[in-house]
Number of protein chains: 2
Amino acid sequence: MDEEISTRDRIINTATRLFQLQGYHATGLNQILKESNAPKGSLYYYFPKGKEELALECINLTEVLVEKTIREKLVKIDDPVESIRNFIEEIIGNTNLEKNEKLSLNSIKIVSVNLIALETSSTNETLRKACQSAFNTWRNVYTEKLLEGGFNKEKAETLGMVIESMVEGAIVLSLTTKSDTPLLKIAEQIPFILDQ
Amino acid sequence: MDEEISTRDRIINTATRLFQLQGYHATGLNQILKESNAPKGSLYYYFPKGKEELALECINLTEVLVEKTIREKLVKIDDPVESIRNFIEEIIGNTNLEKNEKLSLNSIKIVSVNLIALETSSTNETLRKACQSAFNTWRNVYTEKLLEGGFNKEKAETLGMVIESMVEGAIVLSLTTKSDTPLLKIAEQIPFILDQ
DNA sequence: TTCTATATAGACTGGTCATTATAATTTTGG
DNA sequence: CCAAAATTATAATGACCAGTCTATATAGAA
């Protein structure tokens, strides 16, 4: 009980949050260390290659964490159309599991690699590929659910990508407009889009 | 003839390209000045409030430029479904108007405020609102086209937002995966989505 | 000419960046 | 209890950051 969170984990948790919230370039190592109450020496002890190695770890952990979250949500409802629609609606009120978040919109950003992906897509191949892997993994969860629901392979793959595009785009719009509406609207349209 | 491009315009053009390609925080004023062959004195002469004021101008100009581009494309085909589908396909091979761009994917980024929007959505209200205005303007072009095509007001507004979400999301995925596929796939699905 | 506004030129500021090096400390195993 | 390993502490590095400042043109008007 009362298990201590290791310095390494505190660094990763804080870094993940800040990278996703502010971006890779706007987040300084000093800020990460201060907010995680970690000493500077420790950062380069656990991540000898520095900031990029830390960010890579953050992206990879987000990939598996979000994949797990999507799977858990989708498994709750058999019908793929209804389960996906329901999942998108739940993105909004979702991540208040983390206690210290005030705006639910910030919570949305914290389960996304959208910003880091765009920042690094033309300047850092290592991080770009990590984000690419995350997007592929998440898209694949939708595709699998559609396959289980009886869609043929080609349709399931295309629609998986369409859903992933819509979700990522609606996240951008919801964050930029500080409004739930984009996410709610695409959730509302899921039944029509998948009715093929 | 042989009209000289003013220093102010050279700064704006270079800054717009770099902000959209690398992001707001990753782009330094020195890089902008060097690539536009402009002196530092001029930057603060034309933009006394500095980097933020420059970025604001870049976003606002992108808003009207992209709006104009979308309108020009959509007007070419009467049927809203077909015209929007066609437009999305054309985003890919689109902006080779600018001569010095090599990758067509970079061209995509250069007509987007996606990255700046995410970077500033939780840290800079001025720039966030400028991006919000751009997204709203572009979404409204789709909505208007759907209204002209006989969709009722509510449907047109919802679907306008869905299209804008899909396009922005597919841009993120296409850039991250360095592949045209996401944009092509959503274009392919437009007829089904708008068939209501 | 002289005056004034517009524009360019570049050095300089204080601060922060990621990273490195080295020393001190704590923890752990024998 | 000691020695080795794991971790933390601190200082300093050079590069770059946005922004300020002063000097210098350049042009048209009086």
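Residue numbers start from 1 in every chain, and the chains themselves are labelled A, B, ... in the order their sequence lines are given, proteins ahead of strands.
- Annotation: cation-pi geometry satisfied between A/K51 and A/Y24 (NZ/CZ under 6.0 angstrom from ring centroid, within 45° of ring axis).
- When rounded to the nearest whole Å, the span between OH of B/Y46 and C1' of C/dT6 equals 8 Å.
- Across the protein-nucleic acid pair, B/H25 atom NE2 and D/dC16 atom P stand 19 Å apart, rounded to whole Å.
- Regarding A/R8, its CZ atom lies at a distance of 10 Å from the P atom of D/dT7, rounded to whole Å.
- Listed nucleotides: D/dA9, C/dA9, D/dT20. Nearest to the side chain of B/Y44: D/dT20.
- If you check D/dC17, C/dT6, D/dA6 against the side chain of A/Y45, the one that comes closest is D/dA6.
- A straight line from CG of A/L33 to P of C/dC17 spans 11 Å, rounded to a whole angstrom.
- A/I77 and A/I186 fall into different hydrophobic clusters, defined by Ile, Leu, Val, Met, Phe, Trp and Tyr side-chain heavy atoms under 4.5 Å apart, directly or through other members.
- Taking 4.5 Å as the limit, every side-chain heavy atom of A/V81 sits out of range of all side-chain heavy atoms of A/L146.
- Side-chain atoms of A/L29 lie closest to C/dA18 of the nucleotides C/dT8, C/dA18, D/dG19.
- Nearest heavy atoms, A/S112 versus A/Q20: O-CG, 3.2 Å.
- From one end of the helix from C/dT1-D/dA30 to C/dG30-D/dC1 to the other, with five pairs defining each end axis, the axis direction shifts by 10° (rounded to 10°).
- Using a 4.0 Å heavy-atom distance criterion, B/G41 is classed as a base contact.
- With D/dG19, D/dT8, C/dA18 as the candidates, the nucleotide lying closest to the side chain of A/K51 is C/dA18.
- A cation-pi arrangement, defined by a distance under 6.0 Å to the six-membered ring centre and an angle within 45 degrees of its axis, is present between A/K155 and B/F192.
- Across the protein-nucleic acid pair, B/N37 atom CG and C/dG10 atom C1' stand 15 Å apart, rounded to whole Å.
- Residue side chain B/K40 reaches the base of D/dG19 through a donor-acceptor N/O pair under 3.5 Å, judged by distance alone.
- In this structure, B/D9 atom CG and C/dA7 atom P are separated by 12 Å, rounded to whole Å.
- Counting to the nearest Å, the C1' atom of C/dG15 and the CG atom of A/N30 are 12 Å from each other.
- For the pair B/S42 and C/dA9, the criterion of a side-chain N or O lying under 4.0 Å from OP1 or OP2 is not met.
- Here the C1' atom of nucleotide C/dT8 and the CD1 atom of B/I11 are 10 Å apart, to the nearest Å.
- Contact of the B/M161 side chain with the B/E164 side chain is not registered, since no non-hydrogen atoms from C-beta on lie closer than 4.5 Å.
- When all heavy atoms are compared, the tightest approach of B/L159 to A/Q189 is CD2-OE1, 3.5 Å.
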